[in-house]
Amino acid sequence: MPLIKYYIMAIELSEQEIIRRQKLEEFNRLGINSYPAELYEVNVNSKEINENFPKDQSLYQNVSFAGRIMHQRIMGAVSFYELQDAHGKIQIYAKRDELCPGEDKTLYNGVFKKLDIGDIIGVKGFVFYTQTGEISIHIKEFTILCKSLRPLPIVKEKDGEVYDAFQDPEQRYRQRYVDLIVNPQVKDTFIKRTQLVNTMRNFLNEKGYLEVETPILQPLYGGAAARPFKTHHNKLDMTLYLRIANELYLKRLIVGGFDGVYEFSKDFRNEGMSRFHNPEFTQMELYVAYKDYEWMMNTVEEMVEAVALKLHGTTQVQVGENIIDFKRPWKRFTMYGAIEHFTGTDISGMNEEEMAEFAKKCGVEVDASMGRAKLIDEIFGETCEAKLIQPTFIHDYPIETSPLTKKHRSKPGLTERFEAVCNGKEICNAYSELNDPIDQRKRFEDQLELGKRGDEESMVLDEDFLRALEFGMPPTAGLGIGIDRLSMIMTNSPSIQDVLFFPQMRPEKKKEVSSEQDFINVGVPQPWIAALYKLNINTLELLKEANPNKLLNDLGGMRKKLKMDVPAVQLQEIQNWIANIK
RNA sequence: GUCUUCGUAGCUCAGUAGGUAGAGCAAUUGACUCUUAAUCAAUGGGUCGGGGGUUCGAGCCCCCCCGAGGACACCA
């Protein structure tokens with residue numbers, strides 16, 4: 001390839017990337033396809049070998065294995081590479097004179113030794129112990145399965161200590177594939193997350209509940225207090241919203257006669273992001289007919305305990321500094337009871353004024369718009385929530401903040417609602433579902449009032465949902481449990497981004513570069529384009545703004561530096577290029 | 001949205017007082033037939049996030065912007 005071509009490539013490619021592309025061409029010349037179409041038969045994985053070979057060394061004498069090269073230790077005519085597959089790593093051992101029995105040593109010197117960290121190869125051979133006692137595959141042949149064109153971050157490890165770890169959060173989240181390759185423990189988190197979901201799914205299926213799917217694109221959004229994402233359907237010419245919850249649809253199914261339905265649902269909320277919030281997140285919602293919220297508390301305990309047992313083999317889970325024990329039964333507090341427990345004050349009998357006074361004492365910023373319910377909520381948030389490390393149910397919430405919840409059977413002003421709090425954060429929200437259609441209409445209307453007063457998160461009135469309730473919904477217990485939050489706890493992850501493969505990020509900005517053709521179109525001869533790139537004049541805009549006299553000097557300098565075999569450029573030519581730019 | 005910390009080679013990070021941009025790993029070339037953070041020798045590699053300013057001179061000082069982390073706010 002001509003030198004000049006590399007200067008142009010180098011605008012976007014690093015030296016190492018160019019070298020890898022050259023190797024690809026070199027392999028091609030040798031007749032090696034670096035991206036073969038055929039399947040590669042694999043008959044063993046690294047975990048099986050590492051577990052079973054020490055017990056029985058007659059095993060694995062004819063293996064076919066594939067993986068990604070993670071380390072290379074080349075010692076002249078012998079090489080040790082480490083290959084990584086989905087389950088772990090294993091060392092391979094290659095000998096030049098075995099791979100190349102004849103005179104021609106190209107396959108070893110020109111191909112095997114030229115492989116890069118990141119390349120994926122298949123190998124055939126037998127498993128043995130090296131002199132230093134490491135299980136290895138002594139390979140007889142190898143096949144390139146995929147040439148890697150980008151250098152991986154190099155993470156080294158000795159005696160459990162990791163050197164040069166790849167840990168910049170931005171790069172880890174944006175390029176999760178790299179994170180997964182070089183930080184294998186990241187996989188465990190996501191495997192646990194899937195186990196968590198599977199455990200819950202099995203638990204619910206065994207009880208006979210039906211997993212269902214409901215719309216994500218909704219003409220009305222409901223079931224939670226949140227701002228939605230808005231989108232548009234072209235053919236129908238109508239606004240649709242991405243769901244903020246699926247509650248109202250699942251309850252329609254209870255009306256329809258199912259006695260237990262659940263859905264693992266991606267929900268979308270147009271809010272700020274934080275360690276605990278991602279714009280899209282996963283909830284499992286469950287609705288069971290003829291049950292109430294007390295029954296649901298027992299069910300949640302049972303299900304989450306089962307998850308802990310499945311993932312950790314014990315109910316005790318290390319989370320940050322704390323050991324959290326999910327063993328049933330969990331502590332239960334009424335909301336008033338929790339506040340009294342942590343502040344020593346019983347606020348249940350207070351009027352709004354007294355409560356506002358007390359809220360201020362607790363450190364809540366009180367303003368005139370706050371009603372009794374809001375004050376209780378704030379006092380709880382300020383004084384209790386963060387202190388609730390062990391899983392705890394908080395029940396009996398004020399009616400104003402719970403528009404879909406049944407009124408409490410015996411306590412006026414309260415509802416039959418509970419949340420489970422764990423590690424200082426809510427993990428679920430559940431209630432005896434409101435099935436009185438007249439009361440429900442009134443609650444929606446109250447929400448509309450809030451909306452008119454400027455509350456952007458108030459609920460909208462869903463006429464079809466009310467119609468369904470008017471046909472009659474049996475008494476029902478409902479639950480929403482945050483899968484991301486629960487995963488954070490169960491995997492000891494401090495940030496929601498650690499339990500989402502691809503957390504939301506601002507888009508990366510790509511450096512703007514005009515194409516070679518753009519430059520040719522305004523009359524720049526090919527050889528000079530590389531020189532312009534080298535001068536950081538990457539776009540026509542930059543060329544247009546350039547001072548022609550300075551550019552004449554700079555290009556003269558580049559002509560020498562790049563040893564360009566073309567006549568020097570004239571001022572008039574440069575002026576012509578610039579004049580040609582629109 | 002506010003406050004705060006950060007952005008230097010492919011990766012991890014140094015960078016003195018404002019004075020020619022450094023190290024380790026990775027890469028290239030060479031040596032090496034049981035290494036394992038392999039070793040040894042040589043070589044190449046930089047828009048110091050971007051733009052502007054102060055200065056004879058800026059990676060460093062000042063301003064604006066972009067991106068990321070954390071805290072708070074909003075929100076469950």
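Residue numbers start from 1 in every chain, and the chains themselves are labelled A, B, ... in the order their sequence lines are given, proteins ahead of strands.
Comparing the C1' positions of B:rU55 and B:rA73 gives a spacing of 42 Å, expressed to the nearest Å. If you take atom C1' in B:rA14 and the same atom in B:rG53, they sit 28 Å apart, rounded to whole Å. One C1' atom belongs to B:rA9, the other to B:rC13, and the distance between them is 11 Å to the nearest Å. The gap from the P atom of B:rG51 to that of B:rC66 amounts to 15 Å, rounded to the nearest Å. Comparing the C1' positions of B:rC63 and B:rA26 gives a spacing of 38 Å, expressed to the nearest Å. Taking atom C1' in both B:rC61 and B:rG19, the straight-line distance is 15 Å, to the nearest Å. The separation of B:rC60 from B:rA17, taken at their C1' atoms, amounts to 11 Å, rounded to a whole angstrom. When the C1' atom is used for both B:rG45 and B:rC11, the distance is 14 Å, rounded to whole Å.
Between A:Asp159 atom CG and B:rA38 atom C1' the separation is 14 Å, expressed in whole Å. The interatomic distance linking A:Phe166 (CZ) with B:rA9 (P) rounds to 14 Å, in whole Å. Computed from coordinates, the A:Lys89 NZ to B:rA37 P distance equals 12 Å when rounded to whole Å. One interatomic measurement links the two molecules: CD of A:Glu378 to C1' of B:rC75, which rounds to 11 Å at whole-angstrom precision. A:Leu13 places its CG atom 17 Å from the P atom of B:rA9, with the value rounded to the nearest Å. Taking atom CG of A:Asp377 as the reference point, atom C1' of B:rC74 lies 14 Å away to the nearest angstrom.
Side-chain N/O atoms of A:Arg506 include one lying less than 4.0 angstrom from OP1 or OP2 on B:rG67.
Counting only residues at least two apart or in different chains, salt bridge (charged side-chain N to carboxylate O under 4.0 Å, His left out) contacts with residues 100-113 of chain A comprise A:Asp97-A:Lys105. Among pairs with a residue in residues 168-182 of chain A, those fulfilling side-chain hydrogen bond (donor to acceptor under 3.5 Å, both in side chains) read A:Glu170-A:Arg174, A:Arg172-A:Asp179, A:Tyr173-A:Asp498, A:Arg176-A:Asp179, A:Asp179-A:Asn183, at least two apart in sequence or across chains.
Distance from the side chain of A:Gln171 is smallest for B:rC11 among the nucleotides B:rC11, B:rC75, B:rG69. Residue A:His277 has its side chain nearest to B:rC74 when only B:rG10, B:rC13, B:rC74 are considered.
Counting non-hydrogen atoms under 4.0 angstrom, A:Gln283 reaches nothing in the nucleic acid. A:Glu426 comes within contact range of at least one nucleobase, with a heavy-atom separation under 4.0 Å. Nucleic acid contact class of A:Arg150 (heavy atoms, under 4.0 Å, all strands): none. A:Ala165 comes within contact range of the sugar-phosphate backbone alone, with a heavy-atom separation under 4.0 Å but no base atom that close.
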Under 4.0 Å protein heavy-atom contact, by nucleotide of nucleotides 22-35 of chain B - B base, S sugar-phosphate only: --BSBSSS--BBBB

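With hydrogens and angles left out, the side-chain atoms of A:Arg96 and A:Asn109 include no donor and acceptor closer than 3.5 Å. Checking A:Asp85 against A:Ser46 by side-chain atom types alone, a donor-acceptor pair falls below 3.5 Å. Judged purely by distance below 3.5 Å, without hydrogens or angles, the side chains of A:Ser402 and A:Arg417 pair a donor atom with an acceptor atom.
By the side chain to side chain donor-acceptor pair (under 3.5 Å) test, A:Tyr108 pairs with A:Ser79, sequence neighbours left out. Every residue two or more places apart in sequence or in another chain that forms a side chain to side chain donor-acceptor pair (under 3.5 Å) with A:His138 is listed here: A:Glu98.
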Reading RNA chain B 5' to 3', how would its secondary structure be written in dot-bracket notation, given Watson-Crick and G-U pairs with both distances under 3.5 Å, brackets [ ] for crossing pairs and | for partners on other strands? (((((((..((((.....[..)))).(((((.......))))).....(((((..]....))))))))))))....

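Note on A:Glu433 versus A:Lys251: salt bridge recorded, some NZ/NE/NH1/NH2 to OD/OE distance being below 4.0 Å.
Between A:Phe128 and A:Tyr93, the gap from one ring centroid to the other is short of 6.0 Å.
Counting heavy atoms from C-beta outward, A:Glu426 and A:Glu385 have side chains that approach closer than 4.5 Å.
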